[in-house]
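If you read the sequence from its start, that first residue is 1, and numbering goes on from there. This one's a predicted model, so the numbers in the text were calculated from it and none came from an experiment.
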Amino acid sequence: MTSYSISVRLQRTTVEEAYVSVPVTDAVMLREPADDGSFRLDTDKLFAAAVELGSEADWLSEGQRTVVHPIQKAPDRADEAERGRTRPGEEPRPS
């Protein structure tokens with residue numbers, strides 16, 4: 001009996017988390033003092049420094065989610081060849 005299959009494009013998102021310690025230096029402070037004379041953190045600079053430090057962080061998996069991809073299209077031929085798959089009516093490709 002002949003069987004058929006349909007390719008469904010999926011999308012998987014992996015979420016990871018890491019904690020980094022950003023040194024409190026002039027590089028992450030606002031240049032001008034507040035009205036009360038105190039100096040405050042520049043959160044844009046703080047978060048940019050954290051992201052930079054994140055490239056060296058120990059990341060832990062927080063979760064993974066698989067959903068149907070919002071854009072369905074035929075698999076690329078290169079992807080099919082890499083996986084050794086064929087389209088209906090095609091002969092298997094030699095390895």
Side-chain angles (χ1 to χ4, degrees):
M1 175 180 219
T2 302
S3 65
Y4 298 93
S5 65
I6 297 173
S7 293
V8 176
R9 186 176 182 204
L10 301 176
Q11 183 177 56
R12 182 169 62 189
T13 304
T14 301
V15 177
E16 297 176 316
E17 70 171 359
Y19 291 93
V20 295
S21 295
V22 180
V24 178
T25 65
D26 289 342
V28 296
M29 302 299 290
L30 292 171
R31 299 274 180 233
E32 299 297 320
D35 291 340
D36 65 3
S38 64
F39 285 88
R40 300 231 158 71
L41 288 169
D42 182 328
T43 54
D44 290 338
K45 292 178 183 176
L46 175 72
F47 294 147
V51 168
E52 190 172 319
L53 290 168
S55 65
E56 304 284 324
D58 291 325
W59 290 86
L60 299 172
S61 180
E62 198 174 87
Q64 193 173 76
R65 183 179 84 132
T66 302
V67 297
V68 173
H69 197 287
I71 300 172
Q72 291 294 309
K73 66 179 189 79
D76 294 333
R77 286 186 125 353
D79 289 345
E80 290 178 348
E82 183 178 304
R83 295 182 179 110
R85 295 187 182 144
T86 61
R87 293 178 186 229
E90 288 183 339
E91 292 296 319
R93 295 176 185 91
S95 302

Q64: partners by side-chain hydrogen bond (donor to acceptor under 3.5 Å, both in side chains), with sequence neighbours left out
T14

For residues 24-35, dump all side-chain donor-acceptor pairs below 3.5 Å to protein atoms at least two apart in sequence or in another chain.
unit_1, atom_1, unit_2, atom_2, d
T25, OG1, A27, N, 3.3

Give the intermediate values and the outcome of side chain to side chain contact (heavy atoms under 4.5 Å, CB included) for residues E62 and E16.
CA-CA 5 Å; E62 198 174 87; E16 297 176 316; 5.8 Å; no

Step-by-step side chain to side chain contact (heavy atoms under 4.5 Å, CB included) determination, H69 to L10
CA-CA 5 Å; H69 197 287; L10 301 176; 5.9 Å; no

Output side-chain donor-acceptor pairs under 3.5 Å for residues 41-53, partner residues at least two apart or in another chain, one line each.
unit_1, atom_1, unit_2, atom_2, d
D42, OD1, D44, N, 3.1
D42, OD1, K45, N, 3.3

Would you say that more than 12 heavy atoms from the other residues, nucleotides or ligands in this model lie under 6.0 Å from the CD of E17, or not?
yes

So I71 and R9, side chain to side chain contact (heavy atoms under 4.5 Å, CB included) or not? Walk me through it.
CA-CA 8 Å; I71 300 172; R9 186 176 182 204; 3.9 Å; yes

Taking only residues two or more places apart in sequence or in another chain, which ones pass salt bridge (Lys or Arg N to Asp or Glu O under 4.0 Å) with R40?
D36

Linking directly or through intermediates, with side-chain heavy atoms under 4.5 Å: list the remaining ILVMFWY members grouped with V67, chain and number order.
none

For residues Q72 and S7, determine if any side-chain heavy atom of one lies less than 4.5 Å from a side-chain heavy atom of the other.
no

Any donor and acceptor pair, going by atom type alone, linking the side chain of W59 with main-chain N or O of Y19 inside 3.5 Å?
no

